[in-house]
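A short write-up of the structure that comes next.
In what follows, chains are A, B, ... by sequence order, proteins preceding strands, each numbered from 1. The structure displayed is predicted, hence computed values, not measured ones.
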Amino acid sequence: MLELNFLREHRDEAEQRLTKRNVDAKTLLDTARSLDDDRRSAQTELDARLAEMNGLSRTIGELMKSGKKDEAETARARTTELKATTAALKEKLDNAEKALHDHLCTIPNAPSAKVPVGRTPEENTVVMEEGAKPTLHDGAKPHWELAEQYELFSLDLGVKLTGAGFPVYSGQGAKLQRALIAFFLDKATEAGYREIIPPHMVNADSAFATGQLPDKEGQMYHATVDGLYLIPTAEVPITNLYRDEIVDTAHLPIKMVGYTPCFRREAGSYGAHVRGLNRVHQFDKVEIVRIERPENSYAVLEEMVEHVKGLLRALELPYRQLLLCGGDMGFSSAMTYDMEVWSAAQQRWLEVSSISNFETFQSNRLKLRYRGEDKKPKLAHTLNGSALALARIVAALLENNQTPEGIRIPKALQPYTGFAMITK
RNA sequence: GGAGAGGUGGCAGAGCGGUCGAAUGCGGCGGUCUUGAAAACCGCUUUACCCGCAAGGGUAACGGGGGUUCGAAUCCCUCCCUCUCCGCCA
């Protein structure tokens with residue numbers, strides 16, 4: 001949720017930035033402005049009446065104490081009308097606040113200055129590309145066929161247990177999965193991130209605070225009996241650790257990392273491009289999260305990208321970095337880099353990481369503040385990024401490293417897998 | 001799941017219908033004293049919103065929501081959470 005003060009005080013900048021989303025920024029902001037005016041006038045009026053009421057009550061109390069029963073009765077009679085008035089004004093204010101809040105919830109984050117204009121993924125900027133795309137031997141297979149050949153994971157078994165899109169990893173496939181998680185966690189903790197193992201379900205307050213609700217309600221699995229949501233990413237529980245907190249400036253920056261499975265309904269996406277591990281309902285991911293002072297957040301975003309690049313290099317995967325255009329960015333983000341790896345058998349790029357600066361969009365909902373030099377609470381900036389998402393990394397690893405003799409494991413990973421080659 | 005107790009400021013802990021945003025202690029910040037430190041003493045120490053150029057004024061918040069009342073941290077209802085005992089269990 002964008003800050004109201006920002007929208008009021010930097011109206012032109014807000015409109016200019018928002019326009020990159022291809023939304024009708026002018027109308028959105030005009031509406032916000034007028035709803036806020038309504039709210040303010042309602043509050044001003046209510047406060048005045050309440051002050052009057054408080055004065056009367058005090059008077060009545062004093063009259064009662066000094067035994068002036070009659071005068072107290074007279075004063076009490078006067079409160080009846082005032083009560084009706086305040087009740088009506090209170091309702092007016094509540095409605096105005098709700099209308100404003102609901103409206104603000106529909107406004108996406110304002111893209112930062114560097115974000116390119118564009119509507120579709122084709123208009124994202126390729127920032128850089130690194131690593132040679134491998135040439136595969138004849139008879140090379142896509143990862144889902146390799147999985148079958150080496151018994152690494154099964155989607156059919158997942159169907160039996162759960163439904164489509166729930167892979168069952170086994171044997172060297174399971175070990176590879178565990179190795180990647182451990183490798184990513186170790187790299188992050190080496191880089192100074194504190195490891196967190198959060199709950200895999202969150203309440204509605206948490207889902208709202210990081211922006212999943214109400215925007216992506218249909219994307220989350222919902223355990224309705226208990227009102228809980230399965231997390232679509234570790235970002236949700238980890239960032240919410242700091243909901244309703246005013247952190248001491250000495251504690252910044254806050255760097256956290258967590259591994260969790262991620263659950264996504266992915267309603268309505270089927271077809272050839274979602275075969276195998278390309279898009280599944282449950283996948284493993286290691287997520288890095290940061291809470292930063294505003295002046296540092298964009299440098300930190302670059303630092304996080306460098307961290308992810310380090311992982312991809314260690315895994316010897318050809319990758320590229322995209323800067324998402326306004327039309328392709330997530331609702332809550334002010335700027336997002338996507339990292340994609342080359343999947344050699346499928347001959348396509350797979351997104352394995354999304355690294356975003358949310359500026360104060362999340363912290364405004366989280367009420368996550370820090371105390372600045374002037375001792376006043378200020379909203380912090382939040383950032384997060386996948387480091388990394390497992391399923392597609394596995395897909396690329398299997399495809400790119402396949403040989404007639406087996407599938408080669410990158411050196412950096414071998415201490416974790418305990419084997420250098422996946423074989424039958 | 002059953003029975004009971006309780007949720008108050010950074011923490012501990014009073015208040016149980018009126019001037020209580022809230023005693024007191026601890027912690028924290030500033031000052032006096034000191035060569036320095038400690039001790040002692042003095043002062044300050046929540047957040048959000050509204051009006052105002054400002055100075056300043058006002059409103060709200062004692063787990064969440066609702067109710068009773070001229071007036072609620074205090075009474076009632078409801079939900080959530082914590083603790084103790086019992087049951088169940090990895």
- Hey, what's the ring geometry for Tyr193(A) with His307(A), parallel, tilted or perpendicular (30° and 60° as the breaks)?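 Tyr193(A) and His307(A): tilted rings.
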- Message: Would you call the rings of Phe153(A) and His143(A) parallel, tilted or perpendicular, taking 30° and 60° as the class edges?
- Response: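 Geometry flag for His143(A) against Phe153(A): tilted rings.
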Whole-Å [atom1] distance, [N] and [M]:
{"N": "C44(B)", "M": "G52(B)", "atom1": "P", "answer": "31 Å"}
{"N": "C80(B)", "M": "U32(B)", "atom1": "C1'", "answer": "50 Å"}
{"N": "C33(B)", "M": "C81(B)", "atom1": "C1'", "answer": "49 Å"}
{"N": "G6(B)", "M": "C76(B)", "atom1": "P", "answer": "12 Å"}
{"N": "G10(B)", "M": "U46(B)", "atom1": "C1'", "answer": "10 Å"}
{"N": "U47(B)", "M": "A39(B)", "atom1": "C1'", "answer": "35 Å"}
{"N": "G9(B)", "M": "C62(B)", "atom1": "C1'", "answer": "9 Å"}
{"N": "G18(B)", "M": "C83(B)", "atom1": "P", "answer": "33 Å"}

Check the distance between [N]'s [atom2] and [X]'s [atom1] and give it to me in whole angstrom.
{"X": "Asp244(A)", "N": "G9(B)", "atom1": "CG", "atom2": "C1'", "answer": "16 Å"}
{"X": "Lys68(A)", "N": "G18(B)", "atom1": "NZ", "atom2": "P", "answer": "20 Å"}
{"X": "Leu93(A)", "N": "A60(B)", "atom1": "CG", "atom2": "P", "answer": "12 Å"}
{"X": "Asp94(A)", "N": "G66(B)", "atom1": "CG", "atom2": "C1'", "answer": "13 Å"}
{"X": "Asp226(A)", "N": "C81(B)", "atom1": "CG", "atom2": "P", "answer": "10 Å"}
{"X": "Lys375(A)", "N": "U47(B)", "atom1": "NZ", "atom2": "P", "answer": "11 Å"}
{"X": "Leu50(A)", "N": "A72(B)", "atom1": "CG", "atom2": "P", "answer": "11 Å"}
{"X": "Leu46(A)", "N": "C50(B)", "atom1": "CG", "atom2": "P", "answer": "13 Å"}

Checking contacts here: which listed nucleotide ([options]) is nearest the side-chain heavy atoms of [X]?
{"X": "Ser57(A)", "options": "A60(B), C50(B), G18(B)", "value": "G18(B)"}
{"X": "Arg371(A)", "options": "U47(B), C70(B), C49(B)", "value": "U47(B)"}
{"X": "Asn54(A)", "options": "C70(B), U47(B), A60(B)", "value": "A60(B)"}
{"X": "Arg40(A)", "options": "C51(B), G71(B), A60(B)", "value": "C51(B)"}

- Message: With a 4.0 Å limit, can you tell me whether Arg39(A) has a side-chain N or O closer than that to the phosphate oxygens OP1/OP2 of C50(B)?
- Response: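 So the side-chain polar atoms of Arg39(A) do come within 4.0 Å of the phosphate oxygens OP1 or OP2 of C50(B), strictly under.
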- Query: Does Lys83(A) have any side-chain hydrogen bond (donor to acceptor under 3.5 Å, both in side chains) partners at least two apart in sequence or in another chain, and if so, which?
  - Reply: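 Scan of Lys83(A) (side-chain hydrogen bond (donor to acceptor under 3.5 Å, both in side chains), adjacent residues dropped) gives none.
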- Earlier contact from the 5' end, RNA chain B, for Lys83(A) and Asp36(A):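 So the residue in question is Asp36(A).
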- Closest-nucleotide 5' rank along RNA chain B - winner of Arg369(A) and Glu45(A):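 Its nucleotide being nearer the 5' end, the pick is Arg369(A).
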Would you classify [X] as touching base, sugar-phosphate or nothing, given that sugar-phosphate means primed atoms plus P, OP1 and OP2, and contacts are heavy atoms under 4.0 Å?
{"X": "Leu56(A)", "value": "nothing"}
{"X": "Arg78(A)", "value": "nothing"}
{"X": "Thr79(A)", "value": "sugar-phosphate"}
{"X": "Arg49(A)", "value": "nothing"}

- Query: Is it the case that Arg243(A) and Asn240(A) place a side-chain donor and acceptor less than 3.5 Å from each other?
  - Reply: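 On atom types as modelled, these side chains qualify, holding a pair under 3.5 Å.
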- Just checking, any donor-acceptor pair under 3.5 angstrom between side chains of Glu123(A) and Thr120(A)?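 Side chains of Glu123(A) and Thr120(A): pair found under 3.5 Å.
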- Task: Would you write the dot-bracket representation of RNA chain B, where each base gets (, ), [, ], | or . depending on whether it forms a Watson-Crick or G-U pair under 3.5 Å and with which partner?
- Result: ((((((((.[[[..)..(.....]]]((((((.......))))))((((((....)))))).[[[[[..)....]]]]])))))))....
- Is the closest basic N to carboxylate O distance between Arg178(A) and Asp284(A) below 4.0 Å?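 A salt bridge is absent here (no side-chain N lies under 4.0 Å from a carboxylate O).
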- Message: Between the side chains of Lys160(A) and Asp156(A), is the shortest nitrogen-to-carboxylate-oxygen separation below 4.0 Å, so that they form an ion pair?
- Response: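 Here Asp156(A) does not pair with Lys160(A) in a salt bridge, since their nearest N and O are not under 4.0 Å apart.
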- Message: Consider side chain to side chain donor-acceptor pair (under 3.5 Å). Of Glu303(A), Glu359(A), His381(A), which one does Tyr298(A) pass it with?
- Response: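 Between Tyr298(A) and the candidates, side chain to side chain donor-acceptor pair (under 3.5 Å) is satisfied uniquely by Glu359(A).
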Name every donor-acceptor pair, under 3.5 Å, that has one atom in a side chain of residues 165-172 of chain A and the other anywhere in the protein, sequence neighbours excluded.
| from | atom 1 | to | atom 2 | distance (Å) |
| --- | --- | --- | --- | --- |
| Ser170(A) | OG | Glu151(A) | O | 3.3 |
| Gln172(A) | OE1 | Thr423(A) | N | 3.3 |
| Gln172(A) | NE2 | Met421(A) | O | 3.3 |

